[in-house]
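Structure, as structure tokens:
Every chain is numbered from 1, with letters handed out A, B, ... down the list of sequences.
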Amino acid sequence: MSKFQAPKGVSEYFPQRSAHFEFVRATLIESAKLSGYQLIELPVFEDTELFTRGVGESTDVVSKEMYTFEDRGGRSITLRPEGTAGVMRSVIEHNLDRGQLPVKVWYSGQFFRAERPQAGRYRQFYQVGIEAIGLNDPEIDAEVIAVAHNAFVKLGLKDYHLEITSLGDSLTRERYTKDLRQYITTLALDEATFERSALNPLRLFDDKREEIRALMQKAPVLMDYLTPESAEHFSQVQRTLKALGIEFTINNRMVRGLDYYTGTAFEFVHHRLGAQSGIGGGGRYDGLMSALGGAELSGIGFGLGVDRILLACEAEEISLPQDAALQLFIVPIDEAAKAIAMQTAQNLRTNGFSVDIAYGDRALKGGMKAADKSGARYAMVLGENEISTGSAQLKNMQTGESISVTLRTLQDELAQLIKLI
RNA sequence: GUGGUCGUAGCUCAGCUGGUAGAGCAUCCGGUUGUGGUCCGGAAUGUCGCGGGUUCGAGCCCCGUCGAUCACCCCA
């Protein structure tokens, strides 16, 4: 048992699974790039106030899940619990919104929330996110959803569904929550549940208990409160999604954990992940930019949970690719050969071949075993004979066949062989 | 933050009603001169998560603690 342990609730990826993780992340990123999003690389910590103002003081994320500390200059710093606020800060700070709109960016990295760990819920987790800032166009909403959809299709995920809704503008929300609260006061709720509803009445829609769900059946629905403009925007989003062949269900009781969402909101829910089933979600945020001191621009984006999407792939038994096989494994059998092996490997590597060597003083048999374990396509023994004759046997590790090559032209011969596979 | 379950070699696990630990896989070495995968033989490995307590004696009982896991809360 090692003396040090990883901090509670962090996910770690090491071989072989790390290749799967990287593949999932790369696939998500690729989808964003294919739709014209460009990388924005941001710090993992920000001024605490960015999140309290941006995400919302009353949200659980801000009120009880942030990793906040004081730096040496006495500033309050917080490890980012989500990505959108940081993107907005950077866009405002560097005037990225002064050019052509929308600004389309993607990001990827770690996020932090101090929650009790659970299946698919970590204190440090990975997201790939995108933001399209500056245009309030329903087609962009559809595009953002499509970027996630395309990535999931590419990965081969099937057992999930997409829920969408419209949360309306802030005025609509105000009028609606007032009525909803009114309705809730007419219900006979236990203390804890009532407390919960006081914080955010929408949460009762999410309650796991049947009796509460039944009670909420008759509650007012936000959709009925939408302004004509919001309603039209939302139906246009739906029409576009249908035209793109993206299936969805409308969930007019969707609850979002971050305060800044307005208008279109959506969530991808996987069916085999237990309690933490959201693999990605996002929505439009109209007031966020201005609330953070920027222009009156709206935006829309999503965050996809890389850890959870990997778990979803595994739950669906999707076979994810491993790293490409090593091309050559050299087995030197004495000191002189070792020096030549290093030289040879160096030459090949700098020319783009993947090469490994049997290090240590292993016997030939051990070296060949190492070659086998490495998964390399070819193995080559180097010893006195090879050095004196200048030629060696390249052994195909799958067929067991060997062919003679001259060390001088090894690179070309290897290139030929690799191409043949 | 609350609750349930769990914590034995690198991995997966066994260990009966308390008597100071085992298997499979993996690792390493070997099966006569320089070629892996199968097979055979052999070896190494654990302060039984950590700290206390009960006991003549604890991996097995009790308490605490750390971690994992599942659920709640919440969410990616």
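- Neither side chain, A:Asp224 nor A:Tyr176, offers a donor N or O lying under 3.5 Å from an acceptor on the other.
- Using a distance-only test at 3.5 Å, with no hydrogens or angles considered, a donor-acceptor pair links the side chain of A:Arg349 to the main chain of A:Val355.
- Counting heavy atoms of neighbouring residues, nucleotides and ligands inside a 6.0 Å radius, atom CZ of A:Phe194 does not exceed 12 of them.
- Comparing the same atom, P, in B:rU32 and in B:rG37 gives a spacing of 14 Å after rounding to whole Å.
- Between A:Phe329 and A:Tyr378, the distance from one ring center to the other does not fall under 6.0 angstrom.
- Judged by distance alone, the side chain of A:Arg123 and the main-chain N or O of A:Pro117 form no donor-acceptor pair under 3.5 Å.
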Quiz item: Just by protein heavy atoms under 4.0 Å, how would nucleotides 29-36 of chain B read 5' to 3' in B, S and -?
Solution: --B--BBB
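- No hydrogens or angles considered: a donor-acceptor pair under 3.5 Å links the side chains of A:Thr240 and A:Glu139.
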Mind listing the N/O atom pairs, protein and nucleotides 41-43 of chain B, below 3.5 Å?
none

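- When the C1' atom is used for both B:rC40 and B:rA58, the distance is 40 Å, rounded to whole Å.
- Checking A:Thr78 against A:Tyr67 by side-chain atom types alone, no donor-acceptor pair falls below 3.5 Å.
- Between the P atoms of B:rG19 and B:rC61, the separation comes to 12 Å (whole Å).
- In this structure, A:Arg80 forms a cation-pi arrangement with A:Phe111, its terminal cationic atom sitting closer than 6.0 Å to the ring centre and no more than 45° off the ring axis.
- Side-chain contact check for A:Asn150 and A:Ser31: no donor-acceptor pair (N or O, by modelled atom type) lies under 3.5 Å.
- No hydrogens or angles considered: a donor-acceptor pair under 3.5 Å links the side chains of A:Asp179 and A:Tyr225.
- A distance of about 23 Å separates the C1' atoms of B:rC62 and B:rA21, rounded to the whole Å.
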Quiz item: Along nucleotides 71-76 of chain B, 5' to 3', which nucleotides get a B, which get an S, and which get a -, given that the test is a protein heavy-atom distance under 4.0 Å?
Solution: BBBBBB
Please list, for nucleotides 64-66 of chain B, all pairs of protein and nucleotide N/O atoms separated by less than 3.5 Å.
unit_1	atom_1	unit_2	atom_2	d
B:rC66	O2'	A:Gln5	OE1	3.4

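- Looking at A:Ser76 and A:Glu49, their side chains never bring a donor and an acceptor atom within 3.5 Å of each other.
- Across B:rC16 and B:rG7, the matching P atoms stand 12 Å from one another, rounded to whole Å.
- For the residue pair A:Gln411/A:Asn351, the side-chain donor-acceptor check at 3.5 Å is satisfied.
- Atom C1' of B:rG49 sits at a distance of 37 Å from the matching atom of B:rG30, rounded to the whole Å.
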Practice problem: Give the dot-bracket string for RNA chain B, reading 5' to 3', where a pair is Watson-Crick or G-U wobble with both distances under 3.5 Å, ( ) marks pairs inside the strand, [ ] marks pairs crossing earlier ones, | marks a partner on another strand, and . marks unpaired. | Solution: (((((((..((((........)))).(((((.......))))).....(((((.......))))))))))))....
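- For the residue pair A:Asn136/A:Arg284, the side-chain donor-acceptor check at 3.5 Å is satisfied.
- No side-chain donor-acceptor contact under 3.5 Å links A:Glu22 and A:His20.
- A centroid separation of 6.0 Å or more is found between the aromatic rings of A:His270 and A:His161.
- No side-chain N or O of A:Asp412 forms a donor-acceptor pair with one of A:Thr409 less than 3.5 Å apart.
- On the P atoms, B:rG15 is 15 Å away from B:rC60, given to the nearest whole Å.
- The P atoms of B:rC29 and B:rA68 are separated by 36 Å, rounded to the nearest whole Å.
- The main-chain N or O of A:Gly56 is found under 3.5 Å from a side-chain atom of A:Thr59 such that the two form a donor-acceptor pair.
- Centroid-to-centroid, the aromatic rings of A:Phe21 and A:Tyr126 come within less than 6.0 Å.
- Residues from residues 79-91 of chain A placing a heavy atom under 4.0 Å of any atom in RNA chain B do not occur.
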